[in-house]
Every structure is written in C-alpha cells, then in structure tokens.
2 protein chains.
Amino acid sequence: MMVSTKGRYALTVLVDLARNSGEGYVSLADIAEREHLSMKYLESIISMLNKGGMLESLRGKNGGYRLAREPKDYNISEILVLTEGTLAPVNCIISPGVQCEKAATCSTLPLWAGLDKVIENYLSSITLEDILTGNRRKMLGDYCDSCDTQQEEN
Amino acid sequence: MMVSTKGRYALTVLVDLARNSGEGYVSLADIAEREHLSMKYLESIISMLNKGGMLESLRGKNGGYRLAREPKDYNISEILVLTEGTLAPVNCIISPGVQCEKAATCSTLPLWAGLDKVIENYLSSITLEDILTGNRRKMLGDYCDSCDTQQEEN
DNA sequence: CTTAATCCTACCGAAGTGGTAGGATTTGTC
DNA sequence: GACAAATCCTACCACTTCGGTAGGATTAAG
C-alpha cells in the first residue's frame, strides 16, 4: 500500500516549483539541489508530469520548467495517478466486471471498492495549494488538535 | 498502492472459514479447492494469521483451522496489517519524527498522515461480519445506489 | 502404523523500485 | 558560429518484493 518515490517526488517537485517559480523557468538542477534528490532520477519523474500536461518546459539555456496552472487547480489524486499509474488498491477495481468474471459474486469486492472510494475522495479533495499553505485542518480533519502538539514532542 | 495477494487471500481465507466452519476444523486443502487458490501458497498466508492469533489450528488427521473469535470481532485493518506489514502509505508515518529528521518542516507530511488516517479509519470500521453479510451500505457509504445497478451491466 | 493434516525451511522466476549512464537535441549568449 | 546550459530520450542495472513451488518434519486420529 505504499506510495512509491515517483509519486512522492512528483509532489515534491510541484511544491518546489510553486514556491520557487515567480518569474521564469526553474531548472531541474536547482530543484534537485534544493530538495537533495538525484537530478537524473527526478528527470524521469518530471518527464511524466510534463507529458501529462502539468508543466510547461523550455529547452536550452535558461530553460527549465514551470507550473501549467495555478496551485489550486492541481488535486493530489491526479498527480499520483499520473506517476503511480493507478491508486486502486486491487486490480478488479480499475474497470469492474472486465478483469474478473467472479465480480458479481465476489464478497470482498465491495470492501475494495469502498476503500478505493475513500482514498480517491480524500486525495482529490486536497490541492497543491493546500499543501503550500499548510492547510492542516483540511488534510488532517478533526484530528488537527493532536497533530499540533506533535511538533513540540521533538 | 496495491494490496498484495497476501492481504487479499488472507481475507478470502477468513471469509471462507467463517462460512464453512460450523462444527470442527476446516482443512487448508478444502479452502484452497473452494477458493481456487494454490494450497502451498495459502499455507504461508494462513501461517501468518495463525501466528497472529486470529485462528486456532489442530494438527494431524481431521485437523485444520477455525476462527479464534466471532466474525464481528475481526476488523479488516488488523487483518491487513498482519499480512501486509503496515498500511501506511509512506514510511515516515510509521513512527513520526524517528525516521525522517525533516518531519518538522516537511510540507507533504500532513497529506500522508491524513491519507493514512482516512485509510485506517475506513478499514478498522469494517468487520469480517460486514463482508459476510454483504453490508454494502457500510462498505460503500452513500454511493450504494450506483453500485446496486452495477450488477445489471454485465 | 498408516494416513491426513499442520508446520517449517529453502528456493526461484518475474516484476517492480530506485536509480545511473550517455548521448542527442534545443536555445540563449558571446 | 561556437559554446554552454538546459531539456529530452534510450538503455541499463542492482536490489527487493511478489507470487508462488518443493520437500520434508511433525502431529494426531483411526
């Protein structure tokens, strides 16, 4: 059930771009240095974001990347889907009834469908802007109180 | 973000045991045949459930397995944790602050914590009994209507 | 003592993860 | 036009996990 580094780094890249864009294009080398990540590996990840239409790029000197939209117009679900492939916890969810002929009688399918829905609902409700502004109440829900105290523990 | 076959088969085994127990112990061979799964592979999975205290087993002839508790006293979260290891979508959630020294300033951590919470809340709210009885309203929430029609599509 | 069952350890091919390497291409600047 | 700095593209690779298989030791009922 882990989100791979592809998805996590993709999000990191977008957050970095949102914070450090402003004027022109931001180079991959700058992002990699700021985030302490391998530039070569980030290259393959940012390529997915670019092909998915989430970025605008400029080649050549002074080139780089920038966000194609405003931070509030990216939701986390689409970012992770682009890099992870799918967020469905089991294959049979992706297109129900197609892959598994036992779908009609499968007693566990509603559970996986419900889990998928819960994950999708949550991730599509959070935007890149929520992350930038640290909207803990939205991300952590009613449990925000216990999370505020966490910072003091260490 | 996929649940592996370990977790899925574990759930299948528990559902099968709940449905086909009644009197004594149920042999692994019977479960494997009913569920059309490899007995040898199921062996390693059921071993985890057994060591985790979810089953009672009897060796020797007429031996097998049976549930250690009532179906309503198993929640799906604990079943998956036992077989999958953890349900956390990223490592830094498992024991916050310990693994990643950047936790205090990590802007994406609240997102992963929120996702973890949403998954955990959902899966721990569903019991084995809900699956047995096909409690679609609980598993699928308010979307149950659209899911009822799904059966007619194919 | 045979048979049917769990238990235990080891192995194994295939796929996915997390990168690295090297070069081709494009673009701004001198 | 040359050079430098950047994206783009393809291939490779070590490691781990996934999804099993194989073979035998142990236990218990008849």
Side-chain angles (χ1 to χ4, degrees), chain A residues 1-13 17 20-21 23-33 35-66 68 80 83-91, chain B residues 1-13 17 20-21 23-33 35-68 80 83-87 89-91:
Chain A
M1 287 287 292
M2 288 269 174
V3 173
S4 75
T5 54
K6 279 190 194 124
R8 297 207 315 274
Y9 291 179
L11 197 50
T12 300
V13 163
L17 276 175
N20 302 99
S21 58
E23 67 291 6
Y25 293 84
V26 177
S27 83
L28 190 52
D30 287 354
I31 300 173
E33 189 180 5
E35 308 296 338
H36 304 103
L37 298 172
S38 154
M39 176 178 152
K40 274 300 194 180
Y41 186 42
L42 276 192
E43 202 181 305
S44 63
I45 291 165
I46 211 166
S47 165
M48 293 188 255
L49 295 174
N50 196 22
K51 286 176 181 165
M54 292 197 167
L55 301 178
E56 287 169 1
S57 68
L58 182 66
R59 301 177 67 170
K61 198 164 185 178
N62 298 331
Y65 303 92
R66 67 181 178 199
L80 294 182
T83 49
E84 301 277 308
T86 174
L87 294 176
V90 292
N91 283 326
Chain B
M1 286 289 292
M2 287 270 174
V3 173
S4 74
T5 53
K6 281 192 194 121
R8 298 207 315 275
Y9 291 178
L11 196 50
T12 300
V13 163
L17 276 175
N20 301 100
S21 57
E23 67 292 6
Y25 291 85
V26 178
S27 82
L28 189 52
D30 287 354
I31 300 174
E33 189 181 5
E35 307 296 339
H36 304 102
L37 297 172
S38 155
M39 176 179 152
K40 273 299 193 181
Y41 187 41
L42 276 193
E43 202 180 306
S44 62
I45 292 165
I46 211 166
S47 165
M48 293 188 255
L49 295 174
N50 196 22
K51 286 177 182 165
M54 292 195 168
L55 302 178
E56 287 168 1
S57 68
L58 182 68
R59 301 177 69 169
K61 195 163 184 179
N62 297 331
Y65 303 91
R66 68 180 177 200
L67 297 187
L80 295 182
T83 50
E84 301 277 310
T86 175
L87 294 175
V90 292
N91 283 326

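Every chain is numbered from 1 and lettered A, B, ... according to where its sequence line falls, protein lines coming before strand lines. What you are looking at is a predicted structure, and each value in this text was computed from that prediction instead of being measured.
Of the residues in residues 46-54 of chain A, those placing a heavy atom less than 4.0 Å from an atom of DNA chain D are A:N50, A:K51, in numerical order. Residues from residues 25-32 of chain A with heavy atoms under 4.0 angstrom of DNA chain D, sorted by number: A:S27, A:L28.
Residues passing the side chain to side chain contact (heavy atoms under 4.5 Å, CB included) test with B:L67, sequence neighbours excluded: B:L14, B:L17, B:A18, B:L55, B:P71, B:Y74, B:L128. With sequence neighbours excluded, no residue forms a salt bridge (Lys or Arg N to Asp or Glu O under 4.0 Å) with B:E33. For the side chain to side chain contact (heavy atoms under 4.5 Å, CB included) test, no residue two or more places apart in sequence or in another chain qualifies with B:N62. B:T12 is linked by a side-chain hydrogen bond (donor to acceptor under 3.5 Å, both in side chains) to nothing, counting only residues two or more places apart in sequence or in another chain.
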Could you walk me through whether A:T83 and A:R8 pass the side chain to side chain contact (heavy atoms under 4.5 Å, CB included) test, one step at a time?
CA-CA 9 Å; A:T83 49; A:R8 297 207 315 274; over 6 Å; no
Would B:L80 and B:V3 count as a side chain to side chain contact (heavy atoms under 4.5 Å, CB included) if you check the C-alpha gap in whole Å, the side-chain angles of each, and the deciding distance to 0.1 Å?
CA-CA 8 Å; B:L80 295 182; B:V3 173; 4.3 Å; yes
Test side chain to side chain contact (heavy atoms under 4.5 Å, CB included) on A:T86 and B:M1 and set out the steps.
CA-CA 8 Å; A:T86 174; B:M1 286 289 292; over 6 Å; no
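For A:G53 against A:A68, the heavy-atom pair with the smallest separation is O-CB, 3.7 Å. The shortest heavy-atom contact between A:Y25 and A:S57 is CE2-C, 3.9 Å.
A salt bridge (charged side-chain N to carboxylate O under 4.0 Å, His left out) check over residues 49-63 of chain A, counting only residues at least two apart or in different chains, returns the pairs A:E56-A:R66.
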Can you check nucleotides 26-30 of chain D for protein contacts, nitrogen or oxygen pairs under 3.5 Å, and list what you find?
{"from": "D:dT26", "atom 1": "O2", "to": "B:R59", "atom 2": "NH2", "distance (Å)": "2.8"}
{"from": "D:dT27", "atom 1": "O2", "to": "B:G60", "atom 2": "N", "distance (Å)": "3.3"}
{"from": "D:dA29", "atom 1": "O3'", "to": "B:N62", "atom 2": "ND2", "distance (Å)": "3.4"}

Could you list the donor-acceptor pairs under 3.5 angstrom formed by side chains in residues 39-47 of chain B, with sequence neighbours left out?
{"from": "B:Y41", "atom 1": "OH", "to": "B:T5", "atom 2": "OG1", "distance (Å)": "2.9"}
{"from": "B:S44", "atom 1": "OG", "to": "B:Y41", "atom 2": "O", "distance (Å)": "2.8"}

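Here C:dT6 presents its C1' atom at 14 Å from CG of B:L42, a figure rounded to the nearest Å.
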Across nucleotides 12-22 of chain C, 5' to 3', mark each nucleotide with B, S or - according to how protein heavy atoms within less than 4.0 Å reach it.
------BBBBB
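Using a distance-only test at 3.5 Å, with no hydrogens or angles considered, no donor-acceptor pair links the side chain of B:E35 to the main chain of B:V13.
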